[in-house]
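If you're wondering where the values come from, they're calculated on a predicted model, not measured in any experiment.
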There are 2 protein chains.
Amino acid sequence: MSKYRDDQIKQFAEIFKALSNPNRLRMFLHLVTCCVPGTVGSFDAKDGVSACVGDLGRDLDIVPSTVSHHIKELHRAGLIRMERRGQKIECWVDPVILRGLARFFDEPLT
Amino acid sequence: MSKYRDDQIKQFAEIFKALSNPNRLRMFLHLVTCCVPGTVGSFDAKDGVSACVGDLGRDLDIVPSTVSHHIKELHRAGLIRMERRGQKIECWVDPVILRGLARFFDEPLT
DNA sequence: TCGATATTTCGACATATATCGAAATATATG
DNA sequence: CATATATTTCGATATATGTCGAAATATCGA
(Lines give C-alpha, C1' and ligand atoms only; values in the text may rest on other atoms or scores of the structure.)
Protein backbone atom coordinates (compact mmCIF):
# COMPACT_ATOMS: atom_id res chain seq x y z
CA MET A 1 0.00 0.00 0.00
CA SER A 2 2.48 2.62 1.19
CA LYS A 3 5.85 2.99 -0.49
CA TYR A 4 7.54 3.04 2.91
CA ARG A 5 8.69 0.02 4.90
CA ASP A 6 7.56 -0.45 8.47
CA ASP A 7 10.89 0.63 9.97
CA GLN A 8 10.90 3.72 7.77
CA ILE A 9 7.44 4.63 8.98
CA LYS A 10 8.63 4.30 12.55
CA GLN A 11 11.62 6.49 11.80
CA PHE A 12 9.44 9.19 10.26
CA ALA A 13 7.13 8.98 13.28
CA GLU A 14 10.18 9.58 15.50
CA ILE A 15 11.13 12.59 13.41
CA PHE A 16 7.63 14.05 13.65
CA LYS A 17 7.61 13.44 17.39
CA ALA A 18 10.81 15.43 17.66
CA LEU A 19 9.15 18.29 15.77
CA SER A 20 5.89 18.08 17.72
CA ASN A 21 7.05 20.32 20.55
CA PRO A 22 6.82 24.05 19.75
CA ASN A 23 10.14 24.88 21.40
CA ARG A 24 11.91 22.06 19.62
CA LEU A 25 10.32 23.11 16.34
CA ARG A 26 11.59 26.66 16.91
CA MET A 27 15.11 25.32 17.48
CA PHE A 28 14.88 23.26 14.32
CA LEU A 29 13.67 26.26 12.33
CA HIS A 30 16.44 28.39 13.82
CA LEU A 31 18.95 25.87 12.52
CA VAL A 32 17.23 25.26 9.22
CA THR A 33 16.89 28.93 8.30
CA CYS A 34 20.42 29.97 9.07
CA CYS A 35 22.60 26.92 9.20
CA VAL A 36 22.06 24.38 6.45
CA PRO A 37 25.17 24.13 4.31
CA GLY A 38 24.45 25.04 0.72
CA THR A 39 26.56 22.16 -0.40
CA VAL A 40 25.07 18.98 0.95
CA GLY A 41 27.60 17.05 2.99
CA SER A 42 30.28 19.67 2.64
CA PHE A 43 32.02 19.76 5.95
CA ASP A 44 34.09 22.91 5.55
CA ALA A 45 31.00 24.85 4.57
CA LYS A 46 29.73 24.26 8.09
CA ASP A 47 31.98 27.02 9.43
CA GLY A 48 29.87 29.87 10.62
CA VAL A 49 26.65 28.15 9.62
CA SER A 50 25.83 26.30 12.79
CA ALA A 51 24.54 27.34 16.21
CA CYS A 52 25.57 26.30 19.67
CA VAL A 53 23.26 25.02 22.40
CA GLY A 54 23.16 28.38 24.11
CA ASP A 55 22.15 30.16 20.89
CA LEU A 56 19.26 27.79 20.40
CA GLY A 57 17.89 28.35 23.87
CA ARG A 58 18.01 32.14 23.62
CA ASP A 59 14.56 33.80 23.20
CA LEU A 60 12.91 30.55 24.22
CA ASP A 61 12.34 31.10 27.95
CA ILE A 62 13.50 27.68 28.96
CA VAL A 63 16.34 26.67 31.23
CA PRO A 64 19.61 25.30 29.75
CA SER A 65 18.99 21.76 30.95
CA THR A 66 15.70 21.74 29.07
CA VAL A 67 17.38 23.08 25.95
CA SER A 68 19.92 20.30 26.24
CA HIS A 69 17.14 17.75 26.58
CA HIS A 70 15.39 19.05 23.46
CA ILE A 71 18.56 19.04 21.44
CA LYS A 72 19.16 15.46 22.46
CA GLU A 73 15.70 14.60 21.11
CA LEU A 74 16.37 16.32 17.80
CA HIS A 75 19.65 14.47 17.59
CA ARG A 76 18.13 11.12 18.54
CA ALA A 77 15.57 11.53 15.76
CA GLY A 78 18.45 12.10 13.34
CA LEU A 79 17.40 15.63 12.48
CA ILE A 80 20.55 17.37 13.60
CA ARG A 81 24.24 16.66 13.87
CA MET A 82 26.46 17.93 16.67
CA GLU A 83 30.15 18.51 17.22
CA ARG A 84 32.18 19.99 20.05
CA ARG A 85 34.14 23.17 19.27
CA GLY A 86 35.94 24.26 22.41
CA GLN A 87 33.49 25.08 25.16
CA LYS A 88 30.54 25.10 22.81
CA ILE A 89 28.77 22.33 21.00
CA GLU A 90 27.68 23.23 17.53
CA CYS A 91 24.56 21.88 15.87
CA TRP A 92 23.33 21.85 12.30
CA VAL A 93 20.52 20.21 10.40
CA ASP A 94 21.35 16.99 8.59
CA PRO A 95 20.74 17.86 4.93
CA VAL A 96 19.96 14.27 3.97
CA ILE A 97 17.11 14.05 6.46
CA LEU A 98 15.78 17.42 5.36
CA ARG A 99 15.70 16.21 1.78
CA GLY A 100 13.91 13.04 2.85
CA LEU A 101 11.25 15.08 4.57
CA ALA A 102 10.79 17.33 1.56
CA ARG A 103 10.26 14.26 -0.59
CA PHE A 104 7.91 12.71 1.94
CA PHE A 105 5.36 15.48 1.46
CA ASP A 106 6.23 16.48 -2.09
CA GLU A 107 5.94 13.16 -3.86
CA PRO A 108 2.24 12.56 -3.28
CA LEU A 109 1.61 15.92 -4.94
CA THR A 110 3.57 15.25 -8.10
CA MET B 1 14.46 34.90 12.49
CA SER B 2 11.96 32.33 11.24
CA LYS B 3 9.56 33.18 8.46
CA TYR B 4 6.72 31.67 10.49
CA ARG B 5 4.58 33.45 13.07
CA ASP B 6 4.23 32.02 16.54
CA ASP B 7 0.71 30.69 15.93
CA GLN B 8 1.85 29.07 12.68
CA ILE B 9 4.65 27.33 14.52
CA LYS B 10 2.16 26.02 17.06
CA GLN B 11 -0.06 24.77 14.26
CA PHE B 12 2.81 22.96 12.57
CA ALA B 13 3.74 21.45 15.93
CA GLU B 14 0.17 20.15 16.23
CA ILE B 15 0.41 18.65 12.77
CA PHE B 16 3.68 16.91 13.58
CA LYS B 17 2.22 15.63 16.83
CA ALA B 18 -0.63 14.10 14.86
CA LEU B 19 1.91 12.36 12.62
CA SER B 20 4.14 11.26 15.49
CA ASN B 21 2.21 8.07 16.20
CA PRO B 22 3.11 5.19 13.85
CA ASN B 23 -0.47 4.01 13.49
CA ARG B 24 -1.70 7.52 12.78
CA LEU B 25 1.11 8.02 10.29
CA ARG B 26 0.08 4.79 8.54
CA MET B 27 -3.49 6.03 8.29
CA PHE B 28 -2.30 9.33 6.88
CA LEU B 29 -0.13 7.55 4.32
CA HIS B 30 -3.01 5.27 3.40
CA LEU B 31 -5.09 8.35 2.63
CA VAL B 32 -2.32 10.29 0.99
CA THR B 33 -1.26 7.51 -1.36
CA CYS B 34 -4.69 6.55 -2.63
CA CYS B 35 -7.06 9.36 -1.90
CA VAL B 36 -5.81 12.86 -2.61
CA PRO B 37 -7.92 14.42 -5.34
CA GLY B 38 -5.83 15.31 -8.36
CA THR B 39 -7.69 18.56 -8.62
CA VAL B 40 -7.08 20.55 -5.49
CA GLY B 41 -10.33 21.53 -3.84
CA SER B 42 -12.43 19.72 -6.40
CA PHE B 43 -15.26 18.21 -4.45
CA ASP B 44 -16.72 15.88 -7.09
CA ALA B 45 -13.32 14.33 -7.67
CA LYS B 46 -13.54 13.00 -4.14
CA ASP B 47 -15.83 10.16 -5.27
CA GLY B 48 -14.04 6.88 -4.89
CA VAL B 49 -10.87 8.52 -3.65
CA SER B 50 -11.50 8.53 0.06
CA ALA B 51 -11.49 5.84 2.74
CA CYS B 52 -13.87 5.20 5.60
CA VAL B 53 -12.89 4.76 9.22
CA GLY B 54 -13.13 0.98 8.98
CA ASP B 55 -10.80 0.90 5.96
CA LEU B 56 -8.17 2.90 7.81
CA GLY B 57 -8.19 0.58 10.80
CA ARG B 58 -7.80 -2.58 8.73
CA ASP B 59 -4.30 -4.16 8.89
CA LEU B 60 -3.50 -2.01 11.90
CA ASP B 61 -4.34 -4.35 14.81
CA ILE B 62 -6.15 -1.74 16.80
CA VAL B 63 -9.73 -1.66 17.97
CA PRO B 64 -12.32 0.58 16.23
CA SER B 65 -12.56 3.01 19.13
CA THR B 66 -8.82 3.60 18.92
CA VAL B 67 -9.05 4.13 15.16
CA SER B 68 -11.77 6.67 15.78
CA HIS B 69 -9.61 8.43 18.33
CA HIS B 70 -6.68 8.63 15.92
CA ILE B 71 -8.84 9.95 13.12
CA LYS B 72 -10.14 12.62 15.44
CA GLU B 73 -6.54 13.67 16.11
CA LEU B 74 -5.70 13.83 12.41
CA HIS B 75 -8.84 15.89 11.90
CA ARG B 76 -8.13 18.18 14.84
CA ALA B 77 -4.69 18.90 13.43
CA GLY B 78 -6.35 19.88 10.16
CA LEU B 79 -4.69 17.12 8.17
CA ILE B 80 -7.85 15.38 7.01
CA ARG B 81 -11.42 16.24 6.16
CA MET B 82 -14.41 14.02 6.92
CA GLU B 83 -17.94 13.62 5.66
CA ARG B 84 -20.73 11.18 6.43
CA ARG B 85 -21.93 9.00 3.56
CA GLY B 86 -24.67 6.73 4.82
CA GLN B 87 -23.36 4.44 7.53
CA LYS B 88 -19.77 5.24 6.76
CA ILE B 89 -17.71 8.34 7.34
CA GLU B 90 -15.30 9.13 4.57
CA CYS B 91 -11.94 10.79 5.10
CA TRP B 92 -9.47 12.39 2.74
CA VAL B 93 -6.32 14.44 3.12
CA ASP B 94 -6.70 18.21 2.94
CA PRO B 95 -4.65 19.16 -0.14
CA VAL B 96 -3.93 22.66 1.14
CA ILE B 97 -2.28 21.35 4.30
CA LEU B 98 -0.30 18.82 2.30
CA ARG B 99 1.02 21.59 0.10
CA GLY B 100 1.91 23.66 3.15
CA LEU B 101 3.93 20.76 4.55
CA ALA B 102 5.72 20.23 1.26
CA ARG B 103 6.71 23.90 1.25
CA PHE B 104 7.77 23.76 4.91
CA PHE B 105 10.57 21.33 4.15
CA ASP B 106 11.23 22.24 0.55
CA GLU B 107 11.82 25.96 0.85
CA PRO B 108 14.95 25.83 3.01
CA LEU B 109 16.49 23.63 0.33
CA THR B 110 15.84 25.94 -2.59
C1' DT C 1 45.32 25.65 39.48
C1' DC C 2 41.16 28.61 40.01
C1' DG C 3 37.20 30.74 38.26
C1' DA C 4 34.10 31.57 34.49
C1' DT C 5 31.32 29.77 30.83
C1' DA C 6 28.90 25.95 28.40
C1' DT C 7 26.59 21.84 28.59
C1' DT C 8 24.81 17.44 30.52
C1' DT C 9 22.94 14.32 33.95
C1' DC C 10 19.72 13.20 37.43
C1' DG C 11 15.58 13.13 40.08
C1' DA C 12 11.09 14.95 40.62
C1' DC C 13 6.50 16.11 39.25
C1' DA C 14 2.51 17.47 36.68
C1' DT C 15 0.41 16.69 32.41
C1' DA C 16 -0.51 14.26 28.05
C1' DT C 17 -1.02 10.03 25.22
C1' DA C 18 -2.24 5.30 23.35
C1' DT C 19 -4.89 1.83 23.99
C1' DC C 20 -8.65 -1.04 25.59
C1' DG C 21 -13.52 -2.55 26.55
C1' DA C 22 -18.26 -1.43 27.33
C1' DA C 23 -21.94 1.20 26.22
C1' DA C 24 -24.17 4.65 23.27
C1' DT C 25 -25.49 6.59 18.75
C1' DA C 26 -26.41 6.65 13.75
C1' DT C 27 -27.82 4.48 9.55
C1' DA C 28 -29.49 0.94 6.44
C1' DT C 29 -32.33 -3.01 5.52
C1' DG C 30 -35.29 -6.94 6.45
C1' DC D 1 -39.80 -2.09 14.43
C1' DA D 2 -35.69 -5.29 15.00
C1' DT D 3 -31.32 -6.35 13.71
C1' DA D 4 -26.83 -5.66 11.65
C1' DT D 5 -23.12 -2.56 10.57
C1' DA D 6 -20.31 1.65 11.35
C1' DT D 7 -18.67 4.86 14.36
C1' DT D 8 -18.22 7.55 18.69
C1' DT D 9 -18.13 8.41 23.65
C1' DC D 10 -16.59 7.35 28.15
C1' DG D 11 -13.81 5.70 31.84
C1' DA D 12 -9.70 3.32 33.11
C1' DT D 13 -4.81 2.51 33.01
C1' DA D 14 -0.10 2.23 31.89
C1' DT D 15 3.37 4.83 29.78
C1' DA D 16 5.64 8.97 27.88
C1' DT D 17 6.76 13.93 27.92
C1' DG D 18 8.18 18.81 29.21
C1' DT D 19 9.96 21.28 32.46
C1' DC D 20 12.56 22.60 36.48
C1' DG D 21 16.51 22.91 39.82
C1' DA D 22 20.68 21.04 41.72
C1' DA D 23 24.76 18.93 40.92
C1' DA D 24 28.28 17.10 37.78
C1' DT D 25 31.42 17.54 33.77
C1' DA D 26 34.12 19.88 30.14
C1' DT D 27 36.82 23.62 28.32
C1' DC D 28 39.07 28.02 28.25
C1' DG D 29 41.85 31.84 30.12
C1' DA D 30 44.20 34.32 33.82
Quiz prompt | For A:Lys72, salt bridge (charged side-chain N to carboxylate O under 4.0 Å, His left out) partners two or more places apart | solution = none
Practice problem: Find the partner of C:dG30: check Watson-Crick (N1-N3 plus N6-O4 or O6-N4) and G-U wobble (N1-O2, O6-N3) distances, both under 3.5 Å, and reply none if neither fits. | Solution: D:dC1
Quiz item: For residues 20-28 of chain B, which residues have at least one heavy atom under 4.0 Å from DNA chain C?
Solution: B:Asn21, B:Asn23, B:Arg24
Exercise. Please name the pair of heavy atoms, one in A:Phe104 and one in B:Leu25, separated by the smallest distance, quoted to 0.1 Å.
Key: CZ-CD1, 3.9 Å
List every contact pair, protein side and nucleotides 12-15 of chain C side both N or O, where the distance is under 3.5 Å.
none

Quiz item: Which whole-number value in Å describes the distance from B:Met82 CE to D:dA6 C1'?
Solution: 12 Å
Quiz prompt | N-O pairing of B:Asp55 and B:Arg58 below 4.0 Å | solution = yes
Practice problem: Just jot down the ring pair (Phe, Tyr, Trp, His ring centres under 6.0 Å) partners of A:Phe28, sequence neighbours excluded, or say none. | Solution: none
Quiz item: In whole Å, what is the span from the CD1 atom of B:Ile71 to the P atom of D:dT9?
Solution: 12 Å
Exercise. Calculate the interatomic distance between A:Leu56 atom CG and C:dT7 atom P; express it in whole Å.
Key: 9 Å
Quiz item: Is the shortest side-chain N to carboxylate O distance from A:Glu90 to A:Lys88 below 4.0 Å?
Solution: no
Quiz item: From C:dT17, D:dT8, C:dT7, pick the nucleotide closest to the side chain of B:Lys17?
Solution: C:dT17
Exercise. Quick one: label A:His70 by what it contacts on the DNA or RNA (base, sugar-phosphate, nothing), any heavy atom closer than 4.0 Å.
Key: sugar-phosphate
Self-check item: Contacts of A:Gln8 that satisfy side-chain contact (heavy atoms from CB on, under 4.5 Å) - sequence neighbours left out
Solution: A:Tyr4, A:Arg5
Quiz item: Would one find a side-chain N or O of B:Lys88 under 4.0 angstrom from OP1 or OP2 of C:dA26?
Solution: no
Self-check item: Base versus backbone protein contacts along nucleotides 20-30 of chain D [heavy-atom cut-off under 4.0 Å; B, S, -]
Solution: BBB---SBS--
